[in-house]
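Sequence lines set the chain letters: A, B, ... in the order given, protein chains first and strands last, and positions in each chain run from 1. Everything numeric in this text was worked out from a predicted model, so none of it was measured. Every heavy atom of this structure was used, including side-chain atoms; hydrogens, water molecules and symmetry mates were not.
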Amino acid sequence: MPEDGFETREDKDIYRHSTSHVMAQAVLELFPGTKLGIGPSIEDGFYYDFDLPVPISEDDLPRIEEKMAEIIGQDSLFEKYSITKDEANSLFKDAPYKLELLKEIEDDKVTIYRQGSFVDLCRGPHLPSTGHIKAFKLISIAGAYWRGDEKRPMLTRIYGTSFPTREPLEEYLHRLEEARRRDHRRLGRELGFFNIYEEAGPGLIYYHPYGTILREEISKLLKREHQKRGYLEVVTPHIAKMDLWKTSGHCEFYRENMFFMEVEGSGYVLKPMNCLGHILIYQSRTRSYREMPLRLFELGTVYRYERSGVLHGLLRVRGFTQDDAHIFCQREKLQEEITKVIDFALDMLSLFGFKEYEVYLSTRPEKFVGTPQKWDEAISSLKGALEEHDLLYAIDEGEGVFYGPKIDIKLKDTLGRAWQGPTIQVDFNLPDQFDISYIGPDGARHQPVMIHRVVLGSLERFIGALIEHFSGAFPTWLAPVQILIVPIADRHLPYAKRVEGDLLGREIRVEIDSRNEKIGLKIREGELRKIPYLLIIGDKEAQNQTIALRKRGKGDLGEVKLADFIEKLTREITKRD
RNA sequence: GCCCACAUAGCUCAGGAGGUCAGAGCGCAUCCUUGGUAAGGAUGAGGUCGCCGGUUCAACUCCGGCUGUGGGCUCCA
């Protein structure tokens, strides 16, 4: 994380919250009649929600910034007053949102803050005066439901940020710019990975040849790694009869995310999850404790109806493939099995270059199935497994799914952003709904616990994260084109072809740039395509059976024996460096 | 789905008070150049200005609807 100039988290919050008050004052002065929502500090800045008398757009932000600068120039004190709720009710009689907040405050006394002409209901604390704000910037404007509830009015939210000096602000803006530069949607198109076609439907991904190579490389790795860890791979169809989804409860609980169709008079569903197919396979015969835990794995493509407004590149789509598995295991083996899954997940993430995580444990929600004892048992298994790994985790109280608690692991990329990755979920619902069982050593039927887990999550989302993490400059083992051969003149083409043949023989992905162009241009384009190695071939190289090696971002590395290079390269690829 | 904005050539983007305003760069094609480490030169092809309606003598330009995209909200792998 870059140095932001704040001593403590509290200082930062106070500073930014104060900036949001200044912004609110500016908006109120520019747009009289505006009703105020709330204006907290957030991760990277602050926002304030307004109910404006007229719509505004990004074009209005500079005006608001000017007004804010003026208010800061006045250096008004932030003054705190403690008043009774009655007084507050009359003070904010024209501020409906504030009145609503007041209603929820238990204390009889509330505090308000005033700077200049502006008064706000606020717990504080604040900076001494507006003049303490040295560097700020309004970032964007967006709609946001009052109190995050889509049934309530939509307010206009303005996002901004502020820092004690100019420098960290500039740095922050640079970071935003950098994030835009590595946006997977932009790189995905530029590097020929994937596209989404308006005429084919939103949220549906078409992988182009290079993207397909990347995806296949990941898929192959996943299949091998699952096999190594005792998973059995299966393949299940994309559609299934609706009745199956009624039994599971999906038609009831998941209906708004499902695609339905009709075939010869019976209802079918485009599968939104892979679990039911795996349950059918589990139930295909009587299961014994001897084959437990039974781990069924599938690179399963699922389709979920997502509201149009939430779609976003590869990160939020309507059709995606999960590296999904369902583990049927004995209740007493739950923690052991979860420990293995966490091991697996962390191994895989570090293989892809992610070393930092945020871990969340979601507990029992208000609406749940199963008994509280079962929940407690599962939660303690999840906790136990996390603790075995010495993982720091946060508890998301009540955020579990209705059918069981879960662990979510988010990966941090090079820019410090968190991406949803592995989730491990215990399911109490489906074993009941489908009455699944196994025969124990005692000869009696027992109900297994079901673990629903993904390691990378969805390939789409993971690839999106990967593209941004590496900024499209993939390690050699993942790069769609690993080697670009650049012959200097036409007469070098025969030798170039020979080199290509040698590389192809080692299953290395190679291209020759045989265009009639100068090498300066070919090198430039090779670098822009982020190809790991360029091999320049001219008279000298053809003569000596060498290549002039150029490494992405490192420039010319000089003449190297072809055999030596191939050996080094093969090692780099197998080690996944 | 909701709020705001946007939609011009394959890509990035100009454009105007409704009327020689269909434009640039990159890319693509053809030709010249055979060149030693991040852009050689010339010529050319490409667009019913997202779609459907309306206003007008005239709409890429104004208005409405639809579709899609972006930033968010809610929801999520």
Tell whether A/Gln420 reaches the base of B/rA77 with its side chain through a donor-acceptor pair below 3.5 angstrom.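 For A/Gln420, whose side chain was compared with the base of B/rA77, there is no donor-acceptor pair (under 3.5 Å).
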Can you find a donor-acceptor pair, distance only, under 3.5 Å between A/Arg453 side chain and B/rA77 base?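 No such pair is found, so the answer is no.
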For the residue pair A/Glu216 / A/Tyr207, report whether a side-chain donor-acceptor contact shorter than 3.5 Å exists.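 Result is no, nothing qualifies.
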Could you verify whether a donor N or O on one side chain and an acceptor N or O on the other, from A/Tyr533 and A/Lys551, lie under 3.5 Å apart?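 Looking only at side-chain atoms, A/Lys551 and A/Tyr533 do form a donor-acceptor pair, the distance falling under 3.5 Å.
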Regarding [X], tell me which of base, sugar-phosphate or nothing describes its non-hydrogen contacts under 4.0 Å with the strands shown.
| X | answer |
| --- | --- |
| A/Ile56 | sugar-phosphate |
| A/Arg185 | sugar-phosphate |
| A/Ser140 | sugar-phosphate |
| A/Gln322 | sugar-phosphate |
| A/Gly143 | base |
| A/Ala142 | base |
| A/Val317 | base |
| A/Lys522 | nothing |
| A/Glu541 | base |
| A/Phe462 | nothing |
| A/Glu460 | nothing |
| A/Tyr197 | nothing |

Could you give the [atom1]-to-[atom2] distance, from [X] to [N], as a whole number of Å?
| X | N | atom1 | atom2 | answer |
| --- | --- | --- | --- | --- |
| A/Leu528 | B/rA38 | CG | P | 12 Å |
| A/Leu176 | B/rG71 | CG | P | 12 Å |
| A/Lys410 | B/rA77 | NZ | C1' | 12 Å |
| A/Phe50 | B/rG72 | CZ | C1' | 15 Å |
| A/Leu411 | B/rA77 | CG | C1' | 12 Å |
| A/Leu61 | B/rG72 | CG | C1' | 13 Å |

Selection: residues 478-500 of chain A, any non-hydrogen atom under 4.0 Å of RNA chain B: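 Under 4.0 Å from RNA chain B: A/Ile488, A/Ala489, A/Asp490, A/Arg491.
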Which residues share a side chain to side chain donor-acceptor pair (under 3.5 Å) with A/Tyr360, sequence neighbours left out: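 Listed in chain order: A/Glu358.
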Test side chain to side chain donor-acceptor pair (under 3.5 Å) applied to A/Arg417 - qualifying residues, sequence neighbours left out: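 A/Arg417: side chain to side chain donor-acceptor pair (under 3.5 Å) contacts with A/Asp413, A/Glu468.
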Looking at residues at least two apart in the chain, or sitting in another chain, which of them share a ring pair (Phe, Tyr, Trp, His ring centres under 6.0 Å) with [X]?
| X | answer |
| --- | --- |
| A/His326 | A/His278, A/His452 |
| A/Phe259 | none |
| A/Phe297 | A/His226 |
| A/Tyr305 | none |

Anything under 3.5 Å between a protein N or O and an N or O of nucleotides 74-76 of chain B, put it in a table, one pair a line.
unit_1: B/rU74; atom_1: O2'; unit_2: A/Glu150; atom_2: OE2; d: 3.2
unit_1: B/rU74; atom_1: O2; unit_2: A/Arg307; atom_2: NH1; d: 2.8
unit_1: B/rC75; atom_1: O2; unit_2: A/Arg316; atom_2: NH1; d: 3.1
unit_1: B/rC75; atom_1: O2; unit_2: A/Arg316; atom_2: NH2; d: 2.2
unit_1: B/rC75; atom_1: N3; unit_2: A/Arg316; atom_2: NH1; d: 2.8
unit_1: B/rC76; atom_1: O2; unit_2: A/Arg461; atom_2: NH2; d: 2.7

Ring-face cation contact, A/Phe260 with A/Arg255, 6.0 Å cut, 45° max: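 Output yes; distance and angle both within limits.
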Looking at A/Phe46, is A/Arg16 sitting on its ring face, NZ or CZ under 6.0 Å from the six-membered ring centre and within 45 degrees of the normal?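 A/Arg16 over A/Phe46 ring: no.
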What nucleotide among B/rG36, B/rA38, B/rG1 has an atom nearest to a side-chain atom of A/Ile536?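 Nearest nucleotide to the side chain: B/rG36.
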Measure from the side-chain heavy atoms of A/Ile519 and tell me the nearest of B/rC4, B/rG1, B/rG36.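 Among B/rC4, B/rG1, B/rG36, the one nearest the side chain of A/Ile519 is B/rG36.
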Would A/Leu299 and A/Lys223 count as a side chain to side chain contact (heavy atoms under 4.5 Å, CB included) here? Give the steps. CA-CA 8 Å; A/Leu299 281 175; A/Lys223 291 181 174 211; 3.7 Å; yes
Output one line per pair: protein atom, nucleotide atom from nucleotides 64-67 of chain B, and distance, for all N/O pairs under 3.5 Å.
none

Is the base of B/rG46 syn or anti, where syn means the angle lies within 90° of 0?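 With its glycosidic angle within 90° of zero, B/rG46 counts as syn.
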Would the A/Phe344 and A/Tyr231 ring centres measure less than 6.0 Å apart?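 Distance test on ring centres: under 6.0 Å, yes.
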Would you say the rings of A/Phe402 and A/Tyr254 are close, in the sense that their centroids are separated by under 6.0 Å?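 Ring centroids of A/Tyr254 and A/Phe402 are no less than 6.0 Å from each other.
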If you take all heavy atoms of [X] and [Y], which pair is closest and at what distance?
| X | Y | value |
| --- | --- | --- |
| A/Pro487 | A/Ile519 | O-CG2, 4.2 Å |
| A/Ala418 | A/Lys410 | CB-CB, 4.2 Å |
| A/Val359 | A/Leu386 | CG1-CD2, 3.7 Å |

Find the runs of at least 3 consecutive base pairs, i with j, i+1 with j-1 and so on, that include RNA chain B, using Watson-Crick or G-U wobble geometry with both distances under 3.5 Å.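 Expected stems, ordered by start: B:1-7 with B:67-73, B:10-13 with B:23-26, B:28-32 with B:40-44, B:50-54 with B:62-66.
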Answer yes when A/Lys137 and A/Glu170 have at least one side-chain N-carboxylate O distance shorter than 4.0 Å, and no when they do not.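 A salt bridge is absent here (no side-chain N lies under 4.0 Å from a carboxylate O).
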For a quick test of reading the model: is some side-chain N or O of A/Ser308 closer than 4.0 Å to OP1 or OP2 of B/rG1?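 True: A/Ser308 side-chain N/O within range (under 4.0 Å) of B/rG1 OP1/OP2.
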Report, one pair per line, the protein and nucleotides 24-32 of chain B atoms (nitrogen or oxygen only) whose separation is under 3.5 Å.
none

Can you name the atoms? Protein N/O to nucleotides 10-14 of chain B N/O, anything below 3.5 Å, with the distance.
unit_1: B/rC11; atom_1: O3'; unit_2: A/Arg189; atom_2: NH2; d: 3.4
unit_1: B/rU12; atom_1: OP1; unit_2: A/Arg189; atom_2: NH2; d: 2.9

